Amino acid sequence: MSEQKLQNLFDLNRTQLTQWLVSLGEKPFHAKQIMKWLYHERVCDFDAMTNLSKTLRAHLKEIATLSFPEVITDKTASDGTRKWVFRYHCGNSIETVYIPETDRGTLCISSQAGCALACPFCSTAHAGFNRNLTTGEIVVQVWLAKKLLGCGDNGKRKVTNVVLMGMGEPLVNFNAVIPATDIMMDDFGFGLSKRRVTLSTSGIVPAIEKLKEVTDLSLAVSLHAPNDELRNQIVPINQRYGLQALLKACHEYVSHNAQHGGVTWEYVMLKGVNDSLEHAHQLADLLRGIPGKINLIPFNPFPGSQFECSSKNAISAFQRYLSDSGYVVTVRKTRGENIDAACGQLVGQVNDRSKRYKKLNRYEVEHS
Ligand code: SAH
């Protein structure tokens, strides 16, 4: 059988793997056994899966595979942040970042090769867009990061949290992303709790509306502006799905499950663009009544970016205004800067198939 026709097992969540096995005439319970080998033991040689019958092992060798990208770059920043560039068979490469902290380790993963949305302050947008990643290409980032970090070998470095905040808009790639997050939260997969798997979206409203039917992961929303006029410019998807519809969908998502921690509202601090006290005032009014917290992100510059980060004083004043208005507000610490691993600096190497540059240049002309 040719390589392309083999079933990549990283592409299947537990339900899908069970169905696939059953369709082959195998017993459904083998799905749990196989997943334990893959995700708990990190064994990827079918012969070593010793509690499977010899016949099943031989069968798997014939029809299944585990597909890995090539590790192109492996860099560690002075603050311990580690960044990998993984290249998939199609030639596109994406970036995955590990951020260690005293009490946890967060892995920031990508969901697309590039991004088709044109947020002008994000370097991924400037790289253009090639395609959605498959479930397996998303899952394998966690698998490989854990292996390369030696998780389980010394018990020290652990991936305790996964955030879909790398390259791409995860909700544009809904059908691949959701099974991937299922595997992250499955006890037979990576076993992370729903509080520790966070999907960040720029606000694809119909997908947020669908989300509650299929998952209860944590939701972060790239808000970045407190009114439609400004958001239309810096998060252009807002022209399609405006703030009112976005907030309604988010409110419904977090109300659906009483144990939900609320929305994390991400707000990038752009000097002179969205960082005045008037903006803070509008934001406080806008978010009133929706469970959640606000995360202010200092803007990370990249070559060719036409924005500047707000001053420390402006960020503190913005934060103070919002906390005085009753919100929980944190300021994200910038990590991994000296290896271009910070938010919005991930570009990979994308064979652009979009007209990205045209759109971004239009923004630059309008605002120069
Ligand atoms: N497409 C998704 C996830 C990717 S980006 C989304 O929009 O949420 C993860 C976060 O980093 C988003 O909040 C994004 O707006 C922010 N970001 C992008 N570029 C940035 C930059 N240059 N500096 C700081 N934050 C940035």
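One is the number of the first residue; the rest follow in order along the sequence. Counting starts at 1 for both ligands and their atoms, following the listed order. All figures in this text were calculated on a predicted structure; none of them were measured in a lab.
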**Q** Looking at I297, which atoms of ligand 1 are within less than 4.0 Å of one of its heavy atoms?
**A** 13 (O), 24 (C), 25 (N)
**Q** Assess whether a salt bridge exists between D79 and R335, defined as any Lys/Arg side-chain N lying under 4.0 Å from an Asp/Glu carboxylate O.
**A** yes
**Q** Salt bridge or not for E101 and R104, using N-O below 4.0 Å?
**A** yes
**Q** Which residue and non-hydrogen atom of the protein lie closest to atom 11 (O) of ligand 1, and at what distance in Å?
**A** C343 CB, 3.7 Å
**Q** Output yes when a side-chain donor or acceptor of Y267 lies under 3.5 Å from a complementary backbone atom of N274, and no otherwise.
**A** yes
**Q** Could you tell me the residue and atom name of the protein heavy atom closest to atom 17 (N) of ligand 1, and the distance to it rounded to 0.1 Å?
**A** F121 CE1, 3.9 Å
**Q** Within a distance under 4.0 Å of any heavy atom of N300, pick out the atoms of ligand 1 and give their elements.
**A** 21 (C), 22 (N), 23 (N), 24 (C)
**Q** Number the atoms of ligand 1 from 1 as they appear, then name those within less than 4.0 Å of a heavy atom of P298, with their elements.
**A** 24 (C)
**Q** Check ligand 1 against H224 and write out every atom of the ligand that is under 4.0 Å from a heavy-atom position of the residue.
**A** 13 (O), 14 (C), 15 (O)
**Q** NZ of K75: more than 12 outside heavy atoms within 6.0 angstrom?
**A** no
**Q** If the cut-off is 4.0 Å to any non-hydrogen atom of V268, which atoms of ligand 1 fall inside it?
**A** 24 (C), 25 (N)
**Q** Looking only at heavy atoms, which two atoms of Q33 and L52 are closest? And how far apart?
**A** OE1-CD2, 3.3 Å
**Q** Quick one: nearest non-hydrogen protein atom to atom 9 (C) of ligand 1, plus distance?
**A** M165 O, 3.5 Å
**Q** Classify the ring geometry of F68 against F10: parallel below 30°, tilted from 30° to 60°, perpendicular beyond 60°.
**A** perpendicular
**Q** As an exercise, state the distance from CH2 of W37 to CZ of F188, rounded to the nearest 0.5 Å.
**A** 14.5 Å
**Q** Number the atoms of ligand 1 from 1 as they appear, then name those within less than 4.0 Å of a heavy atom of S202, with their elements.
**A** 6 (C), 7 (O), 8 (O)
**Q** Looking at atom 20 (C) of ligand 1, what's its closest protein heavy atom, distance included?
**A** G344 CA, 3.3 Å
**Q** Report the part of T201 (side chain from C-beta onward, or backbone N, CA, C, O) that has a heavy atom under 4.0 Å from ligand 1; answer both or neither where that applies.
**A** backbone
**Q** Could you tell me the residue and atom name of the protein heavy atom closest to atom 12 (C) of ligand 1, and the distance to it rounded to 0.1 Å?
**A** S222 OG, 3.1 Å
**Q** In the protein, what heavy atom is nearest to atom 4 (C) of ligand 1, and what distance, to one decimal place, separates them?
**A** G166 O, 3.3 Å
**Q** Any non-hydrogen side-chain atom of E266 less than 4.5 Å from a side-chain atom of V221?
**A** no
**Q** Under 3.5 Å, side chain of R231 to main-chain N/O of L223, donor-acceptor pair present?
**A** yes
**Q** Which residue and atom name correspond to the protein heavy atom nearest atom 10 (C) of ligand 1, and how close is it?
**A** E266 OE2, 3.8 Å
**Q** Should you measure from each heavy atom of G168, which atoms of ligand 1 turn up under 4.0 Å away?
**A** 1 (N), 2 (C), 3 (C), 4 (C)
**Q** Write out the residue and atom name of the closest protein heavy atom to atom 2 (C) of ligand 1, then the distance separating them to 0.1 Å.
**A** S200 O, 3.3 Å
**Q** Cationic tip of K271 within the cone over F299's six-membered ring, i.e. under 6.0 Å and within 45° of the normal?
**A** no
**Q** Of the backbone atoms (N, CA, C, O) and the side-chain heavy atoms from C-beta on, which set of M167 has a member under 4.0 Å from an atom of ligand 1: side chain, backbone, both, or neither?
**A** neither
**Q** At less than 4.0 angstrom from any non-hydrogen atom of C122, what atoms of ligand 1 do you find?
**A** 18 (C), 19 (N)
**Q** Any salt bridge linking R82 with D74? Criterion: basic side-chain nitrogen under 4.0 Å from a carboxylate oxygen.
**A** yes
**Q** Looking only at heavy atoms, is any part of C115 under 4.0 Å from ligand 1, and if so is it the side chain, the backbone, or both, or is it neither?
**A** neither
**Q** Could you check F46 against H59 for ring-ring contact (aromatic ring centres under 6.0 Å, His included), going step by step and ending with a plain yes or no?
**A** CA-CA 10 Å; F46 296 127; H59 202 178; over 10 Å; no
